[in-house]
Amino acid sequence: MTEPDWSYRGDYIRSRSLRKGSEGENDIEPAWANEAYTDESAIVFRPDPASASGQSDRTIGWSETAGLVVTVITTTEGTKVWGVNAWKSNGSDVRRYERGS
């Protein structure tokens with residue numbers, strides 16, 4: 001499986017707590033997002049139901065390194081998968097992941 005390319009958005013997901021201004025936010029490393037994206041038990045929504053354009057996908061998976069479930073937003077151009085956003089999954093996404101649906 002091709003991992004997302006975070007060359008344009010890696011710094012963005014690494015600085016989530018600064019952007020959100022909340023100590024409760026987790027900064028996400030691209031490697032963690034890729035672990036979640038490639039998790040064999042990941043839940044994938046194509047397209048992401050929260051996408052206004054319908055052009056992005058949502059993957060909810062486990063990052064072993066981070067020790068948490070991560071929600072990953074990606075978009076695909078041809079064969080290239082671009083990482084758009086990633087965050088520590090909220091309770092709703094964690095339950096989806098745990099249920100496998």
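As a basis for the values below, the full set of heavy atoms in this structure was taken, side chains included, without hydrogen atoms, waters or symmetry mates. None of these values were measured; they are calculated from a predicted model.
In this structure, Y97 and V69 approach most closely via the heavy-atom pair CD2-CG2, 3.9 Å. Minimum heavy-atom separation, R58 to D93: NH1-OD2, 3.1 Å. Residues A36 and G61 come closest through the heavy atom pair CB-O, 3.4 Å. When all heavy atoms of A86 and V70 are compared, the closest pair comes out as CB-CG1, 4.2 Å.
Put simply, CD on E77 and OG1 on T79 are 10.0 Å apart, with the number rounded to the nearest 0.5 Å. The distance from the CG atom of D5 to the OG1 atom of T74 is 12.0 Å, given to the nearest 0.5 Å.
At a cut-off of 3.5 Å, with distance as the only test, no side-chain donor of T75 or S56 sits close to an acceptor on the other residue.
A donor-acceptor contact shorter than 3.5 Å links the side chain of R9 to the backbone of V84. S89 contributes a side-chain N or O that, together with a main-chain N or O of T71, makes up a donor-acceptor pair within less than 3.5 Å. In terms of modelled atom types and a separation under 3.5 Å, the side chain of N85 and the main chain of I73 share no donor-acceptor contact.
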Using distance only, find each side-chain donor-acceptor pair of residues 26-34 under 3.5 Å and give its atom names and separation, not counting sequence neighbours.
unit_1	atom_1	unit_2	atom_2	d
D27	OD1	R16	N	3.0
D27	OD1	S17	N	2.7
D27	OD1	S17	OG	3.0
D27	OD2	S17	OG	3.1
E29	OE1	R14	NE	3.1
N34	OD1	W6	NE1	2.9
N34	ND2	E3	OE1	3.4

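The hydrophobic clustering, which links ILVMFWY residues whose side-chain heavy atoms are closer than 4.5 Å, places Y37 and W87 apart. Cluster annotation: L68 and I43 are assigned to distinct hydrophobic clusters (Ile/Leu/Val/Met/Phe/Trp/Tyr, side-chain heavy-atom contacts under 4.5 Å, transitive). No continuous path of hydrophobic side-chain contacts links V94 to V72 [ILVMFWY only; heavy atoms under 4.5 Å].
Residues I60 and F45 are in side-chain contact: their nearest non-hydrogen atoms beyond the backbone lie under 4.5 Å apart.
Heavy atoms from other residues, nucleotides or ligands lying under 6.0 Å from CZ of R19 number more than 12.
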Run the numbers on S92 and N90 for side chain to side chain donor-acceptor pair (under 3.5 Å), then give the verdict. CA-CA 6 Å; S92 177; N90 63 25; 4.5 Å; no
